[in-house]
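Read the structure below first, then the notes.
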Amino acid sequence: MSAVNFNDYVNYANYDTGYDFSALMGGTTNSSGNLLSDYASIKNGSYGKLLKAYYAKQDAESAVSGDSKQSLTLMRSSADSLKKSADALNDSSLWEKKKIKKKDEETGEETEVEDYDWNAITKAVKSFIEDYNAVVKQAGDSETKNVLRNAAWMTGITDSAQNLLSKVGITIGKGNQLELDEDALKEANISTLKSLFTGSSSFADKISQKAGCLSNVAANTAAGIKGTTYTSSGRYSDTLSKLFSSTLDKKVGDDRDTSSYTSSKTTNKKEVEEKNSKKSEQA
């Protein structure tokens with residue numbers, strides 16, 4: 001398992017194609033206001049060269065970072081799961097006493113008592129630990145600077161709460177992975193558990209916030225690979241590549257609608273013939 005550390009960031013290589021991408025990617029444009037409308041640029045192939053050079057630069061940067069869109073998407077999904085499980089621990093209803101049926105092991109008799117639902121609490125804590133460990137492992141394998149930074153901050157939050165966590169049966173093991181002693185959890189002081197997992201600025205709240213940051217970083221980094229984007233609903237979209245893929249290598253005029261052109265030509269010929277016929281009748 002990989003341990004997250006501030007000093008484990010990879011070095012990013014500089015890549016320079018020698019092309020100026022400002023006009024292509026929203027910078028200074030020509031007099032027509034749009035590079036696509038510059039007939040000369042399209043005809044002589046300079047636009048196509050710019051686009052290919054831009055994508056080559058993106059490919060090189062992706063190769064240096066080592067994180068694919070798939071791994072970043074998985075990172076985002078894991079971070080979202082961690083945020084959800086951390087928020088579940090911060091739900092006040094989990095820490096309210098409830099009427100629970102308990103069975104006497106000797107007599108088999110069931111009685112109803114008011115107590116905390118330790119089965120639900122244990123399940124919520126286990127889910128949180130599983131999600132936390134998944135994020136830490138994936139982040140430790142990442143070569144994206146901002147993923148590593150946020151994961152390091154998250155493990156730092158956990159380190160600072162180490163003494164309190166140990167009181168409820170949670171310890172930090174190899175590779176910054178959390179380990180749970182279920183028996184110790186059920187014997188823990190409820191006040192200690194509530195201070196750890198409930199309220200603003202609690203351990204669970206801080207981890208939830210950091211998980212949200214990791215999710216955003218993964219999504220934004222994935223969106224920057226080869227001009228791809230995420231929609232507002234979080235769905236992946238490669239609109240830019242679809243927009244240009246089928247048009248850049250065509251010559252101007254090759255995609256003209258010949259049927260419309262022929263139809264228009266026939267109509268014009270008809271009109272001329274009708275006018276000539278009317279002139280003959282008048283004469």
Rounded to the nearest 0.5 Å, what separation is found between the CZ atom of Arg76 and the OG atom of Ser71? 14.0 Å

Quick one: are Ile225 and Leu72 in side-chain contact, heavy atoms under 4.5 Å? yes

Assess the residue pair Met75 and Thr144 against the criterion (side chain to side chain contact (heavy atoms under 4.5 Å, CB included)); give the C-alpha distance rounded to whole Å, side-chain angles, the decisive distance to 0.1 Å, and a yes or no. CA-CA 11 Å; Met75 178 79 255; Thr144 299; over 6 Å; no

Distance check, rounded to the nearest 0.5 Å: Leu196 atom CG versus Asn189 atom CG? 11.0 Å

Can you establish whether the number of heavy atoms outside Glu179 located under 6.0 Å from its atom CD is more than 12? yes

Can a donor-acceptor pair be found between the side chains of Lys83 and Ser208 at a distance below 3.5 Å? yes

Quick check: are there more than 12 heavy atoms from other residues, nucleotides or ligands sitting under 6.0 Å from NZ of Lys194? yes

Working to the nearest 0.5 angstrom, can you tell me the gap between Leu74 CG and Ser142 OG? 11.0 Å

Would you sort out whether Phe203 and Leu89 count as a side chain to side chain contact (heavy atoms under 4.5 Å, CB included), showing the intermediate values? CA-CA 10 Å; Phe203 171 70; Leu89 280 175; over 6 Å; no

Any side-chain heavy atom of Asp104 within less than 4.5 Å of one from Thr111? no

Find the distance between NZ (Lys97) and CD1 (Ile190) and round it off to the nearest 0.5 Å. 9.0 Å

Which atom pair, heavy atoms only, marks the closest approach of Leu214 to Ala151? CD2-N, 4.0 Å

Which value, rounded to the nearest 0.5 Å, describes the distance between Glu130 atom CD and Leu178 atom CG? 11.5 Å

Ignoring hydrogens, what is the shortest heavy-atom contact between Ser215 and Ala79? Give both atom names and the distance. N-CB, 3.7 Å

Is any side-chain heavy atom of Asp205 closer than 4.5 Å to a side-chain heavy atom of Phe197? no

Using a strict cut-off of less than 4.0 Å between a Lys/Arg side-chain nitrogen and an Asp/Glu carboxylate oxygen, indicate whether Asp80 and Lys84 qualify as a salt bridge. no

Using a 4.5 Å cut-off on heavy atoms from C-beta on, say whether the side chain of Leu165 contacts that of Thr158. yes

Looking only at atom types and distance, does a side-chain atom of Thr107 sit under 3.5 Å from a main-chain N or O of Glu109, one as donor and one as acceptor? yes

Is there a side-chain contact between Tyr132 and Thr155 (heavy atoms, below 4.5 Å)? yes

Is there side-chain contact between Gln177 and Val136, with at least one heavy-atom pair below 4.5 Å? yes

Heavy atoms of Leu164 and Ser195 approach each other most closely as CD2-OG, 4.0 Å

Side chains of Val217 and Arg149: closer than 4.5 Å at any heavy-atom pair? no

Look up atom OG in Ser127 and atom NZ in Lys123, then write down how far apart they are to the nearest 0.5 Å. 8.5 Å

Can you tell me if Trp95 uses its side chain to pair, donor with acceptor, with the backbone of Leu193 under 3.5 Å? no

Taking Ser81 for the side chain and Ser77 for the main chain, is one N or O donor matched with an acceptor at less than 3.5 Å? yes

Tell me, with the steps shown, if Thr122 and Glu182 meet side chain to side chain donor-acceptor pair (under 3.5 Å). CA-CA 7 Å; Thr122 302; Glu182 291 188 33; 5.3 Å; no

So does Glu96 get a backbone contact from the side chain of Lys98, meaning a donor-acceptor N/O pair under 3.5 Å? yes

Counting C-beta onward and ignoring hydrogens, is there a side-chain heavy-atom pair between Thr221 and Asp67 closer than 4.5 Å? no

Considering all heavy atoms, the nearest Asp131-Ser85 contact: OD2-OG, 3.1 Å

Hey, is NZ on Lys167 packed in by over 12 heavy atoms from elsewhere, all under 6.0 Å? no

Under a 4.5 Å side-chain heavy-atom rule over Ile, Leu, Val, Met, Phe, Trp and Tyr, are Ile121 and Ile100 clustered together? no

Could you give me the CA-CA distance, side-chain angles and deciding distance for Asp87 and Asp91, then say whether side chain to side chain contact (heavy atoms under 4.5 Å, CB included) is met? CA-CA 6 Å; Asp87 289 341; Asp91 187 346; over 6 Å; no

Tell me, which pairs form a side chain to side chain donor-acceptor pair (under 3.5 Å) where one or both residues lie in residues 112-121, sequence neighbours left out? Lys102-Asp115

Atom CD of Glu110: over 12 foreign heavy atoms under 6.0 Å: yes

For Leu180 and Val168, work out which heavy atoms get closest and say how close. CD1-O, 4.4 Å

Nearest heavy-atom pair of Val135 and Ser78: which atoms, and what distance? CG2-O, 3.4 Å

